[in-house]
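Here the structure comes first, spelled out in structure tokens, and everything after it is commentary.
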Amino acid sequence: MTNVFFNGMFLGTTDKPEEFVKFIRENRRKGLITEQVNVAYHPHLDEVRIYTDPGRARRPLIVVENGKPKLTKEHIEKLKKGEIKWSDLIKEGVIELLDAEEEENAYIALTEDELTPEHTHLELDPSTIMGLSASMLPYAEFDRGDRVNYGAKMIGQAIGMFSLNFLSRVDTKSNVLIYPQKPLVQTRTYKTINFDDHAGGQNIVIAILSYEGYNMEDAIIFNKASIERGLFWSMMFRTYEAEEKRYMGGQEDIIGIPQPGIRGYAGEDAYKHLPEDGIVNPETEVDSDQVLIGKTSPLRFLGSMDQFITGLENMRESSVRLRHGDHGIVDRVFITESADGNKLVKVVVRDLKKPEIGDKFASRHGQKGVIGLIVPPEEMPFTRNGLVPDIIFNPHGVPSRMTIGHLLEILAGKVAALKGEIIESNPFDPYPEEKLRELLEKMGFRYDGREVLYDGRTGKKFRSMIFTGVIYYQKLDHLVSNKIHARSRGPVTLLTKQPTEGRSKEGGLRLGEMEKDCLIGHGAALLLKERFDSDKTTVYVCQNCGMPAIYDRIKGKVYCPVCKDSKIVEVEMSYAFKLMLDELKSMLIYPKLVVEE
Amino acid sequence: MSQKSQMKYSVSDLLPRRVWNEIERVSKERKLTESQKKKLIEEVIKHYSKAFFEPGEAIGIIAAQSISEPATQMTMRTYHFAGSAGIQVTLGLPRMIEIFDAKKEPETPMMTIYLKKEYNDIRHAKKLADEIKERNLQFYATDIRLDLENFQIKIRLKDGIKKSVLDTILTSLQKKFKEAKVRIRGSVLTLEFPSDTDFKKLQKIKKVILYTHVSGISGIKNVIVRKEGDDWVINTLGSNLSEILKLKEVDVKRTKTNNIHETEKVLGIEAARNVIIQEAMSTLQQQGLNVDIRHILLVADAMTFSGRVKAVGRYGVAGSKASVLARAAFEETIKHLTKAALKAEVDEFKGIFENVMVGQVVPAGTGMVELVATFGRGEHGSRKED
């Protein structure tokens, strides 16, 4: 007895699971059952599972019977002529879609010539074993598996043209490359997904060379002239929004310049960009922490007396400011209505991001790096013809990682640039290396892609020839300008009086437990004390009862409210510890401080 | 040796007696002259004092860091030993954790048995190894059957079992099941129980009867005889120190087990300390890690100084810290705070952690010094720059 489950629910039992499954599959292929049904028999669980859920991932495969694919030459001819369509092939049972469950029962051949009678399916193409991102890597089969993985991951982080209507969108944060280019070396996927409209990088001239150690450890060197001509410029858009919310009791927010005198009024300077309506105008240059949308809200928690006070004292400043550390120009302002019918304001701020030292770039082969130096063009190496590379890539990045695809793409890119044609090289069906070399020689270059280079600083010829070519590079969404952070003094949290955490709150960098151990290990006791002084407070402690005393500002006297005439001592401690003593007291534990003068 | 030079040497109270004896031995052996000996002593003192920790050095934290840093490296490398001959041993990080957690029983308890001089040869070693290996009835049995009609359990034995062994089987079974009649006919061993015995009881007996101890020392699951230098050594899987030490062939002085608690029970706390040190050191060395033995010594001392083996952790070393605050900050905060409140405990603020908490100078390193002596000018000669 084998249990049969339908969409995870128990349906019934069968005595002949294999035949049962076969029956469903045959009828599906005949078109008697809808093709959206998938069925699988798991012998180790002794279960048959039928799935028809919406939202399953399925993939197409060619059905194989007795070692012969059902897809024939005639089908292909007919497809070419347009006599039949893809859906006809599915109807005929030539191609079927398997979900993850049924795939467990399938024995899938990668290519036609490895078919045996045991096979049940055949891949449409060997490259279909890869996902979308991975199938976008040219010469991927020449790279080690992990590099393909990294490369596919980084394609997703590339700054490019994510959407053609980006000017009418209000994404919270988006990046757009200013001069995106389609890659010179492509795979079939690029055409399929219309990548030309959504390019995510630029083709650059690369020289594999070291340069004064500024490209050590995966750093890359940029040509300053290239950047000045617009290489890898991008825009960052960030949307800020404010809603004129309505509250209980007929109170509501007011969008407008906050009136002086309300709680939290930040001073005239902060509101200097606001016109009468309290919303910044487009093309205004704004800086960190400046107000974009002026807003005042009613106080959230009203005291017993406060509710009788109306007017300014009952309002709180709640303006929307530019994020701390950001800078930009107001791009667009949208004023509309929210779902509740409230006034809704969205302000998009744009910021130009030119490549700078620390920005992250990557090729499509898991070869990532940050800019280590931007070199003036006259100090860059150059060829006999005056060609100057855009990027200098360190040769040490290649041997250990074995990214041969990276090198082949440089070669292919060079050929493509010289020919003026895009080269298509598909996974497991590459554009042959020999042909690239042949074409290079035909066009008057060395077959190995190496060129005689001259040092820009000395004018001397380099002793060895340098591998130079063209490759597609991506600017990744890890820009230093969005990450740079330092602090000496700054805001503290209310509860513990310790520094805040995180860049957006101008926070400090934590000296953690293990770092503390290091200081102790070095015996640097006084340094350690200083580092942990951030929440230092002085507490007056009663020597008699060991509890904090009271400082009477009017009389200028310190006394213990319990013991009255006892001796009071000043004790220096961290505020967090004082807080802990208070919390212990709240739990009926009496932490008595035994103090001496 | 003149009186004067004698005086000069004894100034070096710096050196422990053992080092001192060693110097004497070497200088006698090498026939060193007086001045050479003096030089040697000076050199030894120089090196010895270099190895000193300064007062206030945070040796605990340095020991912790010195052991745990290589231990992190170890995580990745353990488990990757294949095909090594002999007994499969727990080593690497799992063993380190076992040692410092002071587990009651190691995953692979092991003994190294040395033999007395007169028995130190392969013949005796093999004989002894065979004798101590634990064997139960299962080893001799091929089949077991329950005859419910006649209240009998019938066990078919292997062929060619020695008469003496058969006798021991008989006596041990008789001892274990006093109500049964035990007899052997041919190769069949029969236990006949009284006819009022419960069937369920018989079923139970059938299950456990094969584990009846017959010969050897209980706990010794496997034995391997090895030659170690000039010695014949028996390595065992499984450990039973107290029984092994009773054997007349065994060299009591050198025989050891890797079970810390067993050692503590049989030989005492000092021996347990030595086991901790030896096991930790050899585990690290097997992984090719070089940790100075003094770090291990410190941990072993901390684990044993109370006279009982304590684990490094919540219920051991860390759980018995003097400071309430330090304990509460580590683990089981509520437990420690409530207990401290009930007992009106006093925190002396003498440890590192509690002082970090309140933001005071920690009593270690430069923070140790509370009084700084300023040397006055005059009597002892003024400094040049003054």
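Numbers restart at 1 for each chain; the letters A, B, ... are given by sequence-line order, proteins then strands.
- Put simply, of B:I352, B:I62, B:V358, the one with the most heavy-atom pairs under 4.5 Å next to chain A is B:V358.
- For A:A576, no part lies under 4.5 angstrom from a heavy atom of chain B.
- In A:Y214, the OH atom is not crowded: 12 or fewer heavy atoms of neighbouring residues, nucleotides or ligands sit closer than 6.0 Å.
- For a residue to count as touching a neighbouring chain, one of its non-hydrogen atoms must lie under 4.5 Å from one of that chain's; by this rule A:M587 does not touch chain B.
- Contact of B:L325 with chain A is made through the side chain alone, with heavy-atom distances under 4.5 Å.
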Could you walk me through whether A:L584 and B:L337 pass the side chain to side chain contact (heavy atoms under 4.5 Å, CB included) check? CA-CA 9 Å; A:L584 287 176; B:L337 286 181; 3.8 Å; yes
Put together the list of donor-acceptor pairs under 3.5 Å connecting chain A with chain B, please.
residue, atom, partner, partner atom, Å
A:G523, O, B:T366, N, 2.9
A:G523, O, B:T366, OG1, 3.0
A:A525, N, B:T366, OG1, 3.2
A:S574, N, B:V358, O, 2.9
A:S574, OG, B:M357, O, 2.9

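- Of the two parts of A:L528, only the side chain, counted from C-beta on, holds a non-hydrogen atom closer than 4.5 Å to a non-hydrogen atom of chain B.
- The number of heavy-atom neighbours closer than 6.0 Å to NE2 of A:H42, taken from other residues, nucleotides and ligands shown, is above 12.
- The shortest non-hydrogen separation linking B:A58 to A:G521 is CB-CA, 4.2 Å.
- By the neighbour-count criterion of 12 heavy atoms within 6.0 Å, atom CG of A:L511 is densely surrounded, having more than that number from other residues, nucleotides or ligands.
- Around the CG atom of A:L494, the shell of radius 6.0 Å holds no more than 12 heavy atoms that belong to other residues, nucleotides or ligands.
- Not counting sequence neighbours, the partners of A:Y559 by the side chain to side chain contact (heavy atoms under 4.5 Å, CB included) test are A:I550, A:D552.
- Scanning both residues, A:A525 and B:A364, for their nearest heavy atoms gives CB-O, 3.4 Å.
- With a threshold of 4.5 angstrom between heavy atoms, A:L527 does not approach chain B through any atom at all.
- Looking at heavy atoms from C-beta onward, B:V361 lies in side-chain contact with A:L526 at the 4.5 angstrom threshold.
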